[in-house]
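Input: a single structure, listed below in structure tokens.
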Amino acid sequence: MKIKKNLYLSLIVILLFIYIALLMILYYSESSDNHAVIQTFGDAFWYSLVTLTTVGYGDLVPVTPLGHVVGVIFLLLSAGIMVTMLGGLLSFITSEGMPLFLLCLQRKKNWYYFADYGVESNTLAANISKDDPNALIIYGEKRSSQSESPGYPCLYLSVSPDKIVAKKKNVGTKCKFFLMKENDIGINRRAINLYELPVEVYARTTNGQDKLSDNIHFFNSYECCARQYWRSKPLCSYETTIVLIGFENYGHRILERAIMTNILSIEQHVAYHIFGDAREFLQIHHRLGELFSINEESESKDSLIFHRDPWEKHHSLLERADRIIICEDDEQKGWSIFWTLRKYYLLLGRIDLRNSWKAPGISCFGTNEDIYTTQQIIRTDLNQAAIKINEIFRRSVSYSTLSWERLDDLHRQSKIVAADHLLMKTRILLKDETITQLTSAAIKKAYQQYCETKSSEKTREMYRKLDHMRWLRFYTFYNWSYGPIRDDTERQHPMLCPYEDLNHEQRQERDAAWELMGNLYAELE
């Protein structure tokens, strides 16, 4: 690159030298003739400009033979210069020159850079444009002639991220970079050294890691789908039989969130029937049998029943299920299952189908427009309650605790699950299963109900048991076990035991999850 730059510089110097030499020849040859109109160096320079630009005013013309030779040279050069200028202009417009120029004019806007253009990128960019009127969308590739023009203003720039950042010149907010392909941060050349740039990076991944460095954040579309599903379609008290068809990435996450947030009653006995290969899941979460009945329905606790045979054989189960969740990774396969169920089975419960697009008359979830939003990807609003819970907890204790940004993945997830369960707590306290949105008004009303009912010792014990059940499920899912003292390295905790084995002080600790609702609604307002 440096050699090419030096070559260009040398060529410019040579051309400039030739041009000045021609001007000097023209000047000396013409000024020696008394009848010539070109008498000064300025006249020679003006004549060269008029000739080279093909304007040709005719006010100055050479009269000497040598002047005529120089004039012919200028005339010949003028054609080349015009072609070069036209080519340069076209190159500026069709290459990165024009977009970079437009980029520099919009430094005060909020820049959102996408490494590639795709369905997911387009959906998220469209949602960002709706949410942020000051947004500037930048795609890190050239626009394909076959792709449709997006319905929002954007620029296509096939340049490295560091050049984008350099054009921003620290004006306004930091650039936000999005890597929308799974695990792209490990293979995409544009992701190299992003941690060194003053940008916020959001990278799609298949694992549950939340953060890599201070400026690199991960999001998992499967987890986003599962959270969105149980928030928009929460479990109801009458549902005791749930069927999951498809147990790959989406199925794993749907069941994971169900295990940790679907706690409605201390007497509940929900049976989850899962169709798909569950060997890896059971090997990883090997302690689930301590809280759940595995592969056998129970009347006293929730059951996880993993079927090895095809779902088509279980006619009676499908027909009595309160809810069937089709969560195949392969959407075409999911649609095939959906139409087969509708065509050949007499179903009493609802069917929820995971699909990228909404379809009229069908209960779809996990659509692109629901998953690829600023709430789901940047997660500031989605995790707002969890962040507030951590702040309230930090203020309520005398010892030093970590801020949200410094929490590790496990403790972040702990706060997120506690926040997600607030929807269930609100529905329980208000006895209203139509609530699907967690608002400050709903939390306030629920907390008032809690204050009115907690004076009953029996009711307070029920509240404590319910939250202890939620707490146990979370740590058991992450393979923690009982230990006389808390040891994060060994994943042991003294409260990982049945509620009846807790002492009085430990039982009282379970009040905190309900009491914080009093502070939380004010914080959210």
Side-chain angles (χ1 to χ4, degrees), residues 118-121 123-124 127 178-187 202-212 216-235 242-262 272 274-285 288 304 306 323-335 337-338 352-358 363-379 382-383 386 409-410 412-414 416-417 419-420 473-474 477-478:
V119 174
E120 296 86 356
S121 299
T123 305
L124 178 56
N127 283 322
F178 298 93
L179 300 167
M180 301 299 288
K181 293 182 180 179
E182 286 186 347
N183 302 319
D184 212 15
I185 198 161
I187 58 175
Y202 298 88
R204 187 177 173 190
T205 181
T206 53
N207 60 46
Q209 189 173 1
D210 192 60
K211 203 171 184 181
L212 179 64
I216 297 181
H217 315 273
F218 290 109
F219 67 92
N220 184 316
S221 57
Y222 311 117
E223 182 178 341
C224 291
C225 174
R227 289 186 71 185
Q228 182 264 340
Y229 176 74
W230 289 116
R231 286 167 70 95
S232 62
K233 307 178 193 301
L235 184 73
I242 309 294
V243 173
L244 273 74
I245 301 178
F247 200 59
E248 296 175 284
N249 291 309
Y250 286 103
H252 280 210
R253 296 296 182 174
I254 293 287
L255 182 61
E256 173 186 334
R257 305 312 293 190
I259 286 171
M260 292 192 285
T261 59
N262 286 354
Y272 295 92
I274 301 100
F275 290 92
D277 188 354
R279 288 173 296 178
E280 181 183 357
F281 182 85
L282 289 171
Q283 288 169 1
I284 294 172
H285 308 287
L288 287 176
L304 301 176
F306 299 92
R323 184 188 303 214
I324 298 174
I325 309 171
I326 304 173
C327 42
E328 292 280 359
D329 283 11
D330 184 339
E331 290 188 5
Q332 292 300 320
K333 188 176 180 180
W335 274 107
I337 294 169
F338 176 82
D352 295 326
L353 172 66
R354 189 202 71 78
N355 193 52
S356 295
W357 312 102
K358 290 182 179 178
S363 177
C364 294
F365 69 93
T367 62
N368 286 338
E369 60 186 280
D370 288 332
I371 300 304
Y372 299 108
T373 66
T374 51
Q375 280 199 358
Q376 291 279 19
I377 307 306
I378 300 177
R379 295 193 295 274
L382 186 66
N383 289 340
D409 289 330
L410 177 72
R412 276 197 179 192
Q413 281 298 322
S414 174
I416 288 170
V417 170
D420 285 354
R473 286 191 180 194
F474 175 82
F477 185 83
Y478 284 98

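The figures that follow rest on heavy atoms only: side chains count, while hydrogens, waters and symmetry mates do not.
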For the residue pair [X] and [Y], what are the closest heavy atoms and their distance?
| X | Y | answer |
| --- | --- | --- |
| Cys225 | Gly366 | SG-CA, 3.7 Å |
| Ala419 | Ala386 | CB-N, 3.6 Å |
| Arg257 | Ala226 | CG-CB, 3.4 Å |
| Met180 | Ser121 | CG-OG, 3.2 Å |

> For residues Trp230 and Asn262, is any side-chain donor paired with an opposing acceptor at under 3.5 Å?
Replying inline: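 No, no side-chain donor-acceptor pair sits under 3.5 Å.
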>> What I want to check is whether the side chains of Arg227 and Asn383 have a donor and an acceptor closer together than 3.5 Å.
In response: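 Yes, Asn383 and Arg227 have a side-chain donor paired with an acceptor closer than 3.5 Å.
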Interatomic distance, [X] atom [atom1] to [Y] atom [atom2] [nearest 0.5 angstrom]:
| X | Y | atom1 | atom2 | result |
| --- | --- | --- | --- | --- |
| Phe474 | Glu256 | CZ | CD | 9.0 Å |
| Ile326 | Leu244 | CD1 | CG | 10.5 Å |
| Ile371 | Leu124 | CD1 | CG | 11.5 Å |
| Gln413 | Glu223 | CD | CD | 5.0 Å |
| Leu179 | Arg204 | CG | CZ | 11.5 Å |
| Gln375 | Thr373 | CD | OG1 | 5.5 Å |

[X] vs [Y] side-chain heavy atoms within contact, under 4.5 Å:
| X | Y | value |
| --- | --- | --- |
| Lys358 | Asp370 | yes |
| Phe247 | Cys327 | no |
| Leu255 | Phe306 | yes |
| Phe477 | Leu288 | yes |
| Ser363 | Lys233 | yes |

> Relative to each other, are the rings of Phe219 and Tyr372 parallel, tilted or perpendicular (30° and 60° limits)?
Replying inline: perpendicular
>> Using 30° and 60° as the class boundaries, would you call the ring planes of Phe281 and His285 parallel, tilted or perpendicular?
In response: tilted
> Can you name the ring pair (Phe, Tyr, Trp, His ring centres under 6.0 Å) partners of Tyr272, sequence neighbours left out?
Replying inline: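 Once residues adjacent in sequence are excluded, Tyr272 has no partner under the ring pair (Phe, Tyr, Trp, His ring centres under 6.0 Å) criterion.
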> Does Phe365 have any ring pair (Phe, Tyr, Trp, His ring centres under 6.0 Å) partners at least two apart in sequence or in another chain, and if so, which?
Replying inline: Tyr229
> Run the side chain to side chain contact (heavy atoms under 4.5 Å, CB included) check on Arg253 and Asn220 step by step: do they pass?
Replying inline: CA-CA 10 Å; Arg253 296 296 182 174; Asn220 184 316; 3.1 Å; yes
> Given Ile377 and Asn127, is the side chain to side chain contact (heavy atoms under 4.5 Å, CB included) satisfied, shown in steps?
Replying inline: CA-CA 11 Å; Ile377 307 306; Asn127 283 322; over 6 Å; no
>> Strictly distance-based, threshold 3.5 Å: is any side-chain N or O of Arg323 a donor or acceptor partner for the main-chain N or O of Ile242?
In response: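 No.
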> Is it true that a side-chain atom of Asp329 and a backbone atom of Asn249 form a donor plus acceptor pair closer than 3.5 Å?
Replying inline: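 The answer is yes, because a donor-acceptor pair under 3.5 Å joins these two groups.
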> Stepwise, does the side chain to side chain contact (heavy atoms under 4.5 Å, CB included) test hold for Tyr478 with Met260?
Replying inline: CA-CA 11 Å; Tyr478 284 98; Met260 292 192 285; 4.2 Å; yes
> Does the distance from a Lys or Arg side-chain N to an Asp or Glu carboxylate O, for Glu331 and Arg354, drop under 4.0 Å?
Replying inline: yes
>> Counting only heavy atoms not in Lys181 (residues, nucleotides, ligands), do more than 12 fall under 6.0 Å from its NZ?
In response: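 Not buried by this count: 12 neighbours or fewer within 6.0 Å.
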> Checking side chain to side chain contact (heavy atoms under 4.5 Å, CB included) for the pair Val119/Trp357: CA distance, chi angles, key distance, verdict?
Replying inline: CA-CA 11 Å; Val119 174; Trp357 312 102; 3.7 Å; yes
